Amino acid sequence: MENFLSRYRNVSILVAVLFAQVLGLAVQVKRSTENESTRLIRVWTVSAVSPFEKAIVWFQSGIGSMWHNYVYLRGVRQENRELKDEIEKLRVERVRLIDDAEQARRLQSLLGFKEQYISKTVAAQVIGSSGSEHSRIIYIDKGTNDGLAKDNPVITADGVVGKVTQANGSVSQVLLINDQSSGVGAILEKSRLQGILRGTPAGEVVLEKVMSEETVQPGEKVLTSGGDQIFPKGLPIGTVTKVSAGPEVFLNVRVRPATNLSKLEEVLVITKKEERTPAITESSPSRAVDILSQRLPSVPDKPRETAERSKTTSAPGQSAESTAAAGSTTATTTPQVPKVAPVVKSTKDASSEINTGTASQQSPMKPGVAQKPTVPPVKVLQQSTRTVVTPPKTEQPAATTAQPEDKPQ
Amino acid sequence: MPITYTSGEQVEVYRFSAPAAVLIPLIALFLQAFIPLRLHFFSIFDLPLLVVIFFAVARRSQVSGLLTGAAIGLLQDSLTHQPIGVYGIAKTVVGFGASSLGIKLDVENVGARVLLTLFFYVVHEFVYFLVARGLVGLTLEWSWAHELGSAFANAILAAIVFTLLDRFKLRA
């Protein structure tokens, strides 16, 4: 035996080293949870490599910013003018969107709709990658010291990037959505079909579990569904590029990520998100017409007018509550009716209206961002003059005459 | 360039200074992790593998070759999110094989180095594929076109990198 080992010493060592590694692999594979036993070697390696990466990124960004901020300023004046024009346009757009968002929040509030809000994010710089085609991960320069934790979603302004898989002191590992071991709950923007977004070995992104009987059009946007409990609902993921028949009864939906995952420089890590029913804040901006209607003495007493009209127009059999609420309606007096909650024709119709509204809440919502609701029934009803509104304790004064007594006559 | 068969006495055995033996693999790992962020196509290269082959061939010691391969492979594994040992096993095999070949063949010329890298890149990918699918259960796709393309790219890079690393060789 001794003779055999000395004769085949090198091969014996090879077998021993391979056996040790296979054994180590088997132990790791058997544990489905995070391999705490291998954490140390990962931390050591990352700690050895990341300072160099951080230094280079820091040096590179320093040189870059010096060049762009102090040397290469050609065309900056022109760009500045264009940006100012853009800001003016966006301001106008913002006013409209705020109004729409308020309306959406009121509708959501009425329906008891709970939405996830991004309440805290941490900006981080990408400093490294795995360097392997088989493992699509990146390293960022923020870690547990900055409040990051495992499973924190990582995004950019364009869309979803991935999630934190490992957070160390000052460095974190992020698994990209195009890695084959990643999975994101996704929903198609228009058709509202849900599926699971996965990466392929080739680094592409596909939407799985969409039934083959469904129709999916290339070009349709894919958003997070919130079903994975990691990514907040409504974040853009990408666009459908190709649809083909997949395995079994499912479609093979190929998706182009919204974010260029091969050229990431800075990302945002969502460290805190909360689920709450959208509240209608008092500080929400009012339209000029609303303020005028409340303060100017020349404005006629609208509530009475509205009440009278409501009396005459409300459908028979309408509940007393909704009839009483008609006193505060704005539907008949203002040209637009954005400040009202779901509008119902009659009590009989109310349930169907709300159901439709609930369905419409499936529309993509950017968490914490003003959203334009897509509630077709309301649109139709806004044109109706026989509408009755039932806003449940909206804190904000209704569009025109929520408190007629307080108004100067 | 022919690959000449040489006797054990004819081949030269090299060693490396301790800083070079430690820093060269670390720099290779660092570059492998950093460069693909700026140049995405660089991920087809495997600098740590080239370093394993270079050390194994220069030292011409099977034990040294397999241990270097195992160490560099495990470090490379720890930069990924997959179980540690997949690259380790693949590079251990390559380290052992390259040093075994280095004992028998003169691989000092460029042509031999290109062929050697070409061969061991495919061996490395094959072992990786086997381990990843068989032991870890990863879903990998084997594409000959991709693997051969990557092998050629790595072989060409190896010719340059090996020439640079020759400066760190010391006669044993």
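It should be emphasised that the depicted structure is a prediction, and the values quoted were computed from it without experimental measurement. Just so it is clear: chains get the letters A, B, ... in the order the sequence lines come, proteins before strands, and each one is counted from 1.
- Only the side chain of Gln173(A) comes within contact range of chain B, with at least one heavy atom under 4.5 Å from a heavy atom of that chain.
- Between Gln28(A) and the choices Val86(B), Val136(B), Ile84(B), the side-chain contact (heavy atoms from CB on, under 4.5 Å) rule is met once, by Ile84(B).
- Scanning residues 56-64 of chain A against chain B with a 4.5 Å non-hydrogen threshold yields Ile56(A), Val57(A), Gln60(A), sorted by number.
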When you look at Phe96(B) and Asn10(A), which way does the side-chain contact (heavy atoms from CB on, under 4.5 Å) test go after all the steps? CA-CA 9 Å; Phe96(B) 183 83; Asn10(A) 294 350; 4.1 Å; yes
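- For a residue to count as touching a neighbouring chain, one of its non-hydrogen atoms must lie under 4.5 Å from one of that chain's; by this rule Phe42(B) does not touch chain A.
- Neither the backbone nor the side chain of Asp46(B) comes within contact range of chain A; no heavy atoms are under 4.5 Å apart.
- Inter-residue side-chain proximity for Gln62(B) and Leu14(A) is flagged as unmet; no heavy-atom pair is nearer than 4.5 Å.
- Proximity to chain B is limited to the side chain of Val17(A), based on heavy atoms less than 4.5 angstrom apart.
- Within a 6.0 Å sphere centred on CZ of Phe52(A), heavy atoms belonging to other residues, nucleotides or ligands number 12 at most.
- Between chain A and the residues Asp77(B), Val63(B), Ile89(B), the most heavy-atom pairs under 4.5 angstrom are made by Ile89(B).
- For Lys209(A), the NZ atom counts as loosely surrounded, since its 6.0 Å shell holds 12 or fewer non-hydrogen atoms of other residues, nucleotides or ligands.
- Put simply, the residue from Ser130(A), Ser132(A), Ser181(A) that forms a side-chain hydrogen bond (donor to acceptor under 3.5 Å, both in side chains) with His81(B) is Ser181(A).
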Per-pair distances, 0.1 Å, donor-acceptor, side chain in residues 24-37 of chain B, under 3.5 Å, sequence neighbours excluded:
{"unit_1": "Gln32(B)", "atom_1": "OE1", "unit_2": "Leu47(B)", "atom_2": "N", "d": "2.9"}
{"unit_1": "Gln32(B)", "atom_1": "NE2", "unit_2": "Gly131(A)", "atom_2": "O", "d": "2.8"}
{"unit_1": "Gln32(B)", "atom_1": "NE2", "unit_2": "Phe45(B)", "atom_2": "O", "d": "2.9"}

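- Note on ring orientation: taking the six-membered ring where Trp is involved, the planes of Tyr87(B) and His134(A) are tilted (angle from 30° to 60°).
- Glu133(A) contributes atom CD, which lies 11.0 Å from atom CG of Leu140(B) (distance to the nearest 0.5 angstrom).
- Put simply, CG on Leu25(A) and CG on Leu135(B) are 6.0 Å apart, with the number rounded to the nearest 0.5 Å.
- Taking chain B as the reference chain and counting heavy-atom pairs below 4.5 Å, the highest number among Val46(A), Val11(A), Ile138(A), Asp179(A) is found for Asp179(A).
- If you take OG on Ser129(A) and NE2 on His40(B), they are separated by 9.0 Å, rounding to the nearest 0.5 Å.
- Val131(B) places none of its side-chain heavy atoms less than 4.5 Å from the side chain of Gln21(A).
- Counting heavy atoms from C-beta on, the side chains of Tyr139(A) and Leu79(B) come closer than 4.5 Å.
- Only the backbone of Ile127(A) has a heavy atom closer than 4.5 Å to any heavy atom of chain B.
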